[in-house]
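Treat the numbers as computed from the prediction; the structure is a model and nothing was measured.
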Amino acid sequence: MPSSSNADVEKNGIAQTEYGPGSGDPVTYQRYPTKIANPGPAGLFSFAATTFILSMFNVNTRGIEHPNVVIGMAIFAGGLTQFIAGMWEFPRGNVFGATAFASYGSFWMSYATIFIPSSGIMAAYPDEAEMGNALGVYLITWMMITIFFLLAVIKRSVAFSLLLFMLTIALGLLSGAEFSGQAVLQKAGGIFGIITGLIAFYIGASELLAAESTAVMRIPLGNYDRPRAP
């Protein structure tokens with residue numbers, strides 16, 4: 001899921017990044033230059049596509065009431081690809097990107113596993129109300145994790161703040177839908193999920209275009225000016 005900007009600058013012969021080691025945020029580190037490409041766009045597009053598809057199903061687009069088609073996306077795109085993107089953020093020194101991508105990648109793979117019949121997870125809950133409560137606890141836990149991520153970026157970027165704020169609301173509504181069984185809450189969660197997916201597409205496109213010197217345009221993320229380490 002989200003990744004921070006990694007625009008490198010040179011200061012006193014030491015490679016610096018805006019948000020990673022060497023940025024002075026929160027501690028000054030020395031980092032070694034890396035040629036590893038920014039994995040942010042891959043992680044963001046994978047998160048965006050999976051979230052968008054599931055959310056379209058949640059609002060019953062074109063009469064679709066069974067979201068099973070998203071399972072493959074959740075395992076391989078939202079899950080595996082995003083998790084790998086998180087692993088590549090670690091050597092780049094991007095703690096936030098690594099933690100967020102790896103966490104949401106794990107979320108999507110674990111969420112998909114619940115709905116795979118051979119996993120036996122759903123079969124273990126013959127009581128539909130108990131299953132709803134279990135899923136509600138699962139989703140509200142991820143809402144809490146998303147709030148922690150939001151606190152980490154709220155002073156960095158308007159785009160990332162909006163992304164995580166919308167995701168927090170979506171997860172809260174979906175957990176409420178599981179607890180109460182109210183279809184209107186599921187549809188509301190789907191609407192906020194669609195908005196979340198579109199914002200993630202926007203950020204992914206911004207990072208992809210920023211990485212290409214021949215890109216025809218640049219897309220702003222609303223990054224705030226941050227003080228550099230002395």
Side-chain angles (χ1 to χ4, degrees), residues 1-2 44-79 82 100-101 103-154 158-204:
M1 205 233 72
L44 284 159
F45 284 138
S46 298
F47 172 84
T50 310
T51 302
F52 183 81
I53 292 172
L54 178 59
S55 298
M56 291 289 279
F57 293 163
N58 281 336
V59 298
N60 304 130
T61 302
R62 299 190 63 84
I64 299 171
E65 297 192 13
H66 299 88
N68 300 56
V69 168
V70 81
I71 291 177
M73 282 289 295
I75 295 173
F76 294 102
Q82 196 173 182
F101 280 140
S103 296
Y104 286 119
S106 299
F107 163 79
W108 279 117
M109 287 188 282
S110 63
Y111 190 65
T113 303
I114 294 172
F115 297 94
I116 298 175
S118 59
S119 72
I121 295 174
M122 296 192 74
Y125 294 88
D127 183 359
E128 188 174 334
E130 184 185 6
M131 181 65 192
N133 288 331
L135 283 172
V137 170
Y138 176 89
L139 291 170
I140 206 167
T141 300
W142 280 99
M143 183 192 78
M144 294 165 57
I145 294 172
T146 302
I147 291 173
F148 296 141
F149 286 138
L150 175 60
L151 294 175
V153 300
I154 201 164
V158 174
F160 280 107
S161 297
L162 282 175
L163 172 69
L164 293 169
F165 179 71
M166 291 298 173
L167 181 58
T168 298
I169 296 176
L171 290 170
L173 289 169
L174 292 174
S175 65
E178 294 295 346
F179 285 134
S180 66
Q182 296 291 323
V184 66
L185 290 178
Q186 179 176 315
K187 288 189 176 183
I191 291 171
F192 278 94
I194 290 171
I195 297 171
T196 300
L198 292 175
I199 295 173
F201 276 128
Y202 176 91
I203 299 173

Colleague: Is the backbone N or O of Ile191 less than 3.5 Å from a side-chain atom of Ser55, with the two atoms forming a donor-acceptor pair by type?
Modeller: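 No: the side chain of Ser55 does not pair with the backbone of Ile191.
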
Colleague: Should Trp108 and Ile75 count as side-chain neighbours, where that means a heavy-atom distance under 4.5 Å?
Modeller: no

Colleague: How long is the gap from CD1 on Ile147 to CZ on Phe165, to the nearest 0.5 Å?
Modeller: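 That separation rounds to 10.0 Å.
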
Colleague: For the CZ atom on Phe76, are there more than 12 heavy atoms of other groups (residues, nucleotides or ligands in this structure) within a distance under 6.0 Å?
Modeller: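 12 or below, so no.
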
Colleague: Measuring only between side-chain heavy atoms, which start at C-beta, is Tyr111 closer than 4.5 Å to Leu139?
Modeller: yes

Colleague: Between Leu167 and Trp142, is there a side-chain heavy-atom distance shorter than 4.5 Å?
Modeller: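 They are not in side-chain contact.
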
Colleague: Could you tell me which non-hydrogen atom of Leu54 sits nearest to which non-hydrogen atom of Pro67, and how far apart they are?
Modeller: CD1-CB, 3.9 Å

Colleague: When you look at Thr168 and Phe192, which way does the side chain to side chain contact (heavy atoms under 4.5 Å, CB included) test go after all the steps?
Modeller: CA-CA 9 Å; Thr168 298; Phe192 278 94; over 6 Å; no

Colleague: Picking from Ile64, Ile194, Thr51, Val70, what satisfies side chain to side chain contact (heavy atoms under 4.5 Å, CB included) with Met56?
Modeller: Ile194

Colleague: Is the closest side-chain heavy-atom distance between Ile116 and Ile121 below 4.5 Å?
Modeller: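 Side-chain contact under 4.5 Å: no.
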
Colleague: Within the side chain of Ser175, is there an N or O that forms a donor-acceptor pair under 3.5 Å with the backbone of Gly172?
Modeller: yes

Colleague: Any side-chain heavy atom of Val137 within less than 4.5 Å of one from Phe179?
Modeller: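 A side-chain contact under 4.5 Å exists here.
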
Colleague: Is it the case that the ring center of Phe149 lies less than 6.0 angstrom away from the ring center of Phe160?
Modeller: no

Colleague: Would you check, one step at a time, whether the test side chain to side chain contact (heavy atoms under 4.5 Å, CB included) holds for Ile199 with Met166?
Modeller: CA-CA 9 Å; Ile199 295 173; Met166 291 298 173; 4.0 Å; yes

Colleague: Shortest non-hydrogen contact from Ala170 to Gly189?
Modeller: CB-O, 3.8 Å

Colleague: Any side-chain heavy-atom pair from Ile203 and Phe45 closer than 4.5 angstrom?
Modeller: no

Colleague: For the residue pair Asn58 and Lys187, establish whether any side-chain heavy-atom pair is separated by less than 4.5 Å.
Modeller: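 When only atoms from C-beta onward are counted, Lys187 and Asn58 do not touch, as no gap falls below 4.5 Å.
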
Colleague: Is there a side-chain contact between Leu135 and Glu130, using heavy atoms and a 4.5 Å cut-off?
Modeller: no

Colleague: Take Ser180 and Leu185 through the side chain to side chain contact (heavy atoms under 4.5 Å, CB included) test and state the conclusion after the steps.
Modeller: CA-CA 9 Å; Ser180 66; Leu185 290 178; 3.5 Å; yes

Colleague: Find the distance between CG (Leu164) and CG (Leu151) and round it off to the nearest 0.5 Å.
Modeller: 10.0 Å

Colleague: If I take atom OG1 from residue Thr146 and atom CG from residue Leu163, how far apart are they, to the nearest 0.5 angstrom?
Modeller: 9.0 Å

Colleague: Could you report the tightest heavy-atom contact between Met73 and Ala49, atom names first, then the distance?
Modeller: CE-CB, 3.6 Å

Colleague: Angle between ring planes, Tyr138 versus Phe107, binned at 30° and 60°: parallel, tilted or perpendicular?
Modeller: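 Parallel.
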
Colleague: Show, in sequence, the C-alpha distance, side-chain angles and deciding distance for Ile114 and Met131, and conclude whether the side chain to side chain contact (heavy atoms under 4.5 Å, CB included) test is met.
Modeller: CA-CA 11 Å; Ile114 294 172; Met131 181 65 192; 3.8 Å; yes

Colleague: If the test is side chain to side chain contact (heavy atoms under 4.5 Å, CB included), which one of Ile140, Ile145, Thr141 qualifies with Met143?
Modeller: Ile140

